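Source: prediction; values computed, not measured. Excluded from the calculations below are hydrogen atoms, water molecules and symmetry mates; all remaining heavy atoms, backbone and side chain alike, are included. Start at 1 and go down the list; that is how both ligands and their atoms are numbered.
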Amino acid sequence: VSDDPTVFEKIIAGELPARVVHETETTMAFLDANPLAPGHTLVVSKEPYERLRDAPPEIAADVFAVVRELAPVVEDAVGAAGTTVAVNDGAAAGQEVPHLHVHVVPRSSGDGGGPVHAAFQGPVDLPEERLDEIAAAITDRT
Ligand code: 5GP
């Protein structure tokens, strides 16, 4: 939990206006102020956990349950055909507001956007041994 109040904390506290579309005891969802598409919605934890790893599992589950509930609702509300669900988890991943949030961005064919893969140069070439090491490093930690 970070020290300075984030813009999302101010929205949650009612100190900044937002178009709130859904609220639970632990989460809030509101329209993004700079929508990438009509209906672009942010689902946030009410507590200002900075990153996914900082949130208790039950809070992360609450956030993703709301994403599951809202994605089709938002899609239908704006007449979209799909949704990009994304978390910029950490500054290195492009996170600008250090307060856990999931982007729900309605998509339509021909909207000019791309898949999440478009955020990268392309696949990295990793030798089999490195892939084995990575898989082992992950399984050892879970
Ligand atoms: P990030 O880059 O941290 O994943 O995304 C932060 C998002 O928060 C951006 O899409 C940005 O438009 C949105 N945002 C930043 N400030 C405000 C605000 O004051 N109100 C709302 N509704 N959205 C905001």
- Message: Before we go on, tell me: are the rings of H103 and H101 under 6.0 Å apart, centre to centre?
- Response: yes
- Task: In sequence, state the C-alpha distance, the side-chain angles, and the governing distance for V104 and V67, and then conclude on side-chain contact (heavy atoms from CB on, under 4.5 Å).
- Result: CA-CA 7 Å; V104 175; V67 170; 4.2 Å; yes
- Straight-line distance of N34 CG to L36 CG, nearest 0.5 Å: 8.0 Å
- N88 neighbourhood, listing ligand 1 atoms whose heavy-atom distance to it stays under 4.0 Å: 1 (P), 2 (O), 4 (O)
- D54 and E50: which non-hydrogen atoms are nearest, and at how many Å? OD2-CB, 3.5 Å
- Task: With heavy atoms only and a cut-off of under 4.0 Å, state how L31 meets ligand 1: side chain, backbone, both or neither.
- Result: backbone
- Message: Assess the residue pair V87 and F64 against the criterion (side-chain contact (heavy atoms from CB on, under 4.5 Å)); give the C-alpha distance rounded to whole Å, side-chain angles, the decisive distance to 0.1 Å, and a yes or no.
- Response: CA-CA 11 Å; V87 180; F64 281 96; 4.2 Å; yes
- Should one rank V102, D32, V44 by closest heavy-atom distance to atom 13 (C) of ligand 1, which comes out on top? D32
- Of all the atoms in ligand 1, which lie at a distance below 4.0 Å from a heavy atom belonging to H101? 1 (P), 3 (O), 4 (O), 5 (O), 6 (C)
- Note on the structure: Nearest heavy-atom approach of D4 to E9 is O-OE1, 3.6 Å
- Query: Quick one: does ligand 1 sit under 4.0 Å from the side chain of I11, the backbone, both or neither, non-hydrogen atoms only?
  - Reply: side chain
- Message: Return the closest protein heavy atom for atom 16 (N) of ligand 1 as residue, atom name and distance.
- Response: V7 CG2, 3.8 Å
- Query: For ligand 1, which atoms sit closer than 4.0 Å to a heavy atom of H103?
  - Reply: 1 (P), 4 (O), 5 (O), 7 (C), 10 (O)
- Task: Evaluate salt bridge (Lys or Arg N to Asp or Glu O under 4.0 Å) for K46 paired with E23, printing each intermediate quantity in order.
- Result: CA-CA 9 Å; K46 282 191 176 169; E23 187 173 0; 2.8 Å; yes
- Within a distance under 4.0 Å of any heavy atom of N34, pick out the atoms of ligand 1 and give their elements. 11 (C), 12 (O)
- Write out the residue and atom name of the closest protein heavy atom to atom 8 (O) of ligand 1, then the distance separating them to 0.1 Å. F8 CZ, 3.5 Å
- Note on the structure: What one should report as the nearest heavy-atom pair of D111 and P106 is OD2-O, 4.4 Å
- Message: Using 0.5 Å steps for rounding, measure from the OG1 atom of T6 to the CD1 atom of I11.
- Response: 8.0 Å
- Atoms of ligand 1 close to F30 [distance to a heavy atom under 4.0 angstrom, numbered from 1]: 22 (N)
- Considering only heavy atoms of E96, which atoms of ligand 1 have at least one such atom less than 4.0 Å away? 1 (P), 2 (O), 3 (O)
- Nearest-neighbour protein heavy atom for atom 15 (C) of ligand 1, which is reported as residue plus atom name and distance: V97 CG2, 4.2 Å
- Message: Tell me the protein heavy atom at minimum distance from atom 23 (N) of ligand 1, and give that distance in Å.
- Response: A33 N, 3.2 Å
- Task: Give the atoms of ligand 1, by number and element, whose distance to some non-hydrogen atom of Q95 is under 4.0 Å.
- Result: 3 (O)
- Task: Heavy atoms only: give me the nearest T83-A71 pair and the separation to one decimal.
- Result: OG1-O, 3.9 Å
- Which ligand 1 atoms does G94 reach within 4.0 Å, using its non-hydrogen atoms? 2 (O)
